[in-house]
Amino acid sequence: MSEEKGPTSAHGTAGGKKSKLNLNRLEMPKQTPEERKRNFEEVATGYTFEMAIEEAGRCIQCKKRNCRQGCPVNIDIPDFIKHLQGGDVEGASRVLKRKTSLPGICGRVCPQEMQCEKTCILNKKGAPIAIGRLERYIADWERQEGATTIPEIAPSTGKHVAVVGTGPSGLTVAADLALLGHQVTMFEALHVAGGVLMYGIPEFRLPKEIVQREVRYVKSLGVEILLDTVIGINYSLDELLNTKYHAVYLATGAGLPMFLRVPGENLNMIYSANEFLTRTNLMKAYLYPKYATPIKMGKRVAVIGGGNVAMDSARCAIRLGAQEVYVIYRRTRSEMPARLEEVENAEEEGIRFHFLCNPTSFISDGRSNVAAMELIRMELGEPDASGRRRPVSITGSEYIMEVDTVVVSLGTSPNPLIASTTPDLKTSKWGTVIVNEQGKTSKARVWAGGDIVSGGATVISAMGEGRIAAMAMHQHLAE
Amino acid sequence: MFPIVAHNELAPKVHRMSVKAPLVAQKCKPGQFVILIIDEEGERVPFTVSGWDAETGTVDFVYIEVGKTTNQLGTLKAGDHLAHFVGPLGKPSEVDHYGHVAAVASGYGVAAIVPILKGLKEKENRITTVLQAPDRERCFGQSELERVSDRLILAIGAIGENMSTSATQPVRKLLANLAQSPVDRVILMGSLCLMRVISEMTRPYDIKTMVHLTPLMVDGTGMCGACRLSVKGTNKFACVHGPEFDGHEVDGWEVLMARRCSYADESIFQQGFQCRGCSQW
Ligand SMILES: Cc1cc2nc3c(=O)[nH]c(=O)nc-3n(C[C@H](O)[C@H](O)[C@H](O)COP(=O)(O)OP(=O)(O)OC[C@H]3O[C@@H](n4cnc5c(N)ncnc54)[C@H](O)[C@@H]3O)c2cc1C
Ligand SMILES: Cc1cc2nc3c(=O)[nH]c(=O)nc-3n(C[C@H](O)[C@H](O)[C@H](O)COP(=O)(O)OP(=O)(O)OC[C@H]3O[C@@H](n4cnc5c(N)ncnc54)[C@H](O)[C@@H]3O)c2cc1C
Ligand code: FES
């Protein structure tokens with residue numbers, strides 16, 4: 001591979017080492033903020049072939065391979081990049097597929113800056129290889145050019161497995177076990193498979209067609225998906241275990257929204273992020289009236305919270321026609337759990353951030369619609385258990401902010417439905433299911449993983465936990 | 001896909017639909033509801049079950065045409081299919097032996113309360129039922145209610161009258177007569193305003209009064225919080241902790257009614273839409 005240096009490529013200067021490092025990390029083309037504020041199409045349009053080759057060319061194929069360690073599922077990153085350097089996208093895809101079945105999704109939504117790109121040796125120079133963008137490129141290439149190759153499926157073992165929940169964790173387990181010859185049935189409470197990938201993360205960040213393609217792939221392996229079926233209602237966990245299923249994987253996520261518990265929080269036009277995003281993304285309220293579900297939007301919108309969910313809500317609000325959107329976060333910018341890239345995107349789209357303040361009550365317009373909120377200013381005190389400095393309110397600093405729509409985005413916890421109908425399933429005080437390193441729960445023949453165990457993490461960790469549990473389940477089934 | 005096996009008009013704009021959904025029929029209990037979606041562009045819309053048959057695998061509900069989805073349902077025929085049908089959702093109604101139970105039903109509640117009253121009857125309660133309808137023409141379901149009640153009182157009000165007055169009159173009489181005929185429990189299924197008014201009437205007598213609340217819902221499984229309401233100072237989700245609640249413990253009626261009408265302004269001008277704080281009569 002000939003080393004291509006862009007005109008602006010920087011040269012290492014430190015220590016007199018003559019370095020050919022190309023520190024020109026290649027941006028992905030994006031819709032302009034003005035344009036994208038008005039549509040739900042994907043913000044970043046992805047690398048072209050030439051761009052992918054150029055970015056891959058920056059990888060020095062170092063011996064350390066720290067990036068691989070930084071990846072929760074240990075994708076052989078340098079190997080797929082090497083294929084790309086030689087222009088062999090198909091080969092790169094094969095390497096990827098060895099460790100992830102959802103590259104088109106992970107390439108888009110993984111927090112690479114905290115994982116593989118963080119540990120990339122070029123990150124020391126502030127210009128890690130754009131691993132996520134390359135992963136996305138490969139997945140998109142395969143989607144457009146390649147015929148999805150279905151790996152060989154092992155002969156049937158005659159064993160039945162139930163997977164509850166069709167988010168990334170459930171899909172991973174279903175695919176892995178189906179490939180090993182087990183008969184897998186998935187149960188999904190909603191009318192669409194995909195979990196948060198469908199109902200939470202917006203189209204402009206993760207096109208739903210990509211998610212549905214992965215769902216179709218899992219089906220093509222012989223997995224049966226039963227929609228509109230709630231475990232804990234239509235079948236209890238024990239009923240599954242007492243019928244044909246030899247093992248069960250629970251991947252029902254963390255769908256229960258948390259609220260602030262301050263006065264006025266139930267006023268009309270105060271949404272949980274889950275409702276707001278479900279209406280918008282799953283039910284496609286942005287295409288109302290073609291899609292029947294409406295969403296009511298005001299002009300001045302406050303989104304409470306600082307995570308990815310808050311960014312998604314704020315960016316949906318602006319696209320749905322809000323004039324002003326504020327993100328209200330009780331700590332500062334540097335403590336925000338949201339991905340930096342999404343914060344920057346949000347800022348470009350005109351979303352305004354109010355740090356170090358927290359709502360203390362919501363005020364009615366006299367007809368039970370929210371008209372304003374009272375906020376209190378905060379300052380950062382001593383570090384708390386999470387190591388982040390704890391926000392403390394400043395007495396007497398209350399002030400009023402006029403808003404007509406509020407989206408509460410404080411996080412979620414697992415839905416208690418299954419735990420409450422399964423007395424011998426051990427859960428923590430946060431409602432998460434307790435498992436060992438293999439994902440095995442306290443209940444015989446039941447494994448669990450993803451957000452129902454972590455309480456809310458990432459797509460890739462949900463997938464990684466699924467992979468580990470699938471191996472353990474396979475071992476159990478083989479016995 | 002869920003086939004519609006029967007579809008009948010009971011009164012103008014009121015229909016009973018019977019859907020083949022064996023998985024739902026197997027587990028149904030009185031007072032629970034289903035959520036259906038007509039087609040892939042459709043909204044998730046909740047309806048209380050008014051009957052089911054685990055053997056034939058059918059589930060019935062009665063609906064009133066008030067807006068987009070219910071109007072579209074009105075155009076479907078037996079043999080057509082619904083894209084999605086999930087349930088039974090929510091907690092079943094409490095059914096036990098109480099003694100004398102007074103029930104008030106209006107709108108779709110006239111049909112949806114029947115399974116609850118049947119359950120109460122099996123527990124050997126004496127049941128006095130008030131059926132409210134805006135006019136004779138829209139008075140339906142009388143014979144079913146008669147079958148499960150010891151006494152049925154009709155409260156028919158003319159269009160344009162303050163709806164809630166009609167059912168409140170017989171209830172007032174029952175309350176005035178408590179010394180001779182004590183009422184041990186009241187159960188209400190109708191519009192939010194009717195349930196609120198009657199809850200307030202029974203409060204001074206300390207008669208346990210159950211209401212069936214219908215806030216807007218999206219998922220119906222406890223995931224979105226759209227259906228939240230304040231009960232004794234804490235937040236409850238109507239789709240999992242309800243829809244049946246103790247009417248005396250509900251402390252957010254105003255907000256509940258406002259939230260229920262979030263989307264009403266678009267449909268409020270439609271013919272047949274009767275808003276007295278909510279869309280149902
Ligand atoms: C708005 C938003 C943005 C996010 N952004 C990112 C991001 O950028 N990057 C990232 O890595 N992560 C992100 N996350 C987190 C990530 O999406 C989750 O960690 C991941 O989806 C968890 O996967 P899961 O398979 O455990 O569960 P989920 O994806 O939650 O899927 C669970 C599924 O189970 C179903 N279910 C629940 N209960 C039952 C039941 N009783 N019976 C049957 N089915 C049931 C649910 O309907 C759902 O479909 C985001 C999350 C949200 C909400
Ligand atoms: C637990 C529960 C049980 C119900 N049982 C029945 C029943 O057995 N029969 C029946 O006719 N109706 C029932 N409803 C109300 C029914 O869901 C609404 O009438 C229906 O959603 C209206 O939809 P639409 O598209 O036709 O009207 P829209 O045009 O959407 O709205 C018309 C009116 O209906 C109300 N409404 C809209 N969507 C909802 C919703 N998701 N939940 C509650 N109200 C809504 C609006 O506030 C508005 O006032 C029930 C509601 C709940 C929450
Ligand atoms: S309808 Fe979503 S939580 Fe009840």
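Below, each value reflects all heavy atoms present in this structure, side chains not excepted, and no hydrogens, waters or symmetry copies. Chain identifiers are assigned alphabetically (A, B, ...) following the order of the sequence lines, protein sequences preceding nucleic acid strands; residue numbering begins at 1 within each chain.
For B/F237, the part lying near chain A is the side chain, with the backbone staying farther off; criterion is any non-hydrogen pair under 4.5 Å. Contacts of A/F259 with chain B are made by side-chain atoms alone, with heavy-atom separations under 4.5 Å and no backbone atom involved. Neither the backbone nor the side chain of A/K284 comes within contact range of chain B, judged by heavy atoms closer than 4.5 Å. For A/L190, the parts sitting under 4.5 Å from any heavy atom of chain B are the backbone and the side chain alike. Contact annotation for A/P289: both backbone and side-chain heavy atoms come within less than 4.5 Å of a heavy atom of chain B. The contact between B/V255 and chain A is made by backbone and side chain atoms together, counting heavy-atom distances below 4.5 Å. Heavy atoms closer than 4.5 Å to chain B are found in both the backbone and the side chain of A/N234. Using a 4.5 Å cut-off between heavy atoms, B/L36 does not touch chain A at all.
Contact tally against chain A (heavy-atom pairs below 4.5 Å) for B/I35, B/T234, B/I37: the top residue is B/I37. Counting heavy-atom pairs closer than 4.5 Å to chain A, the top residue among B/A83, B/G222, B/S230 is B/G222.
At least one test fails for A/K296 against the ring of A/Y288: distance under 6.0 Å to the centre or angle within 45° of the axis.
Other residues, nucleotides and ligands contribute over 12 non-hydrogen atoms within 6.0 Å of the NZ atom of A/K208.
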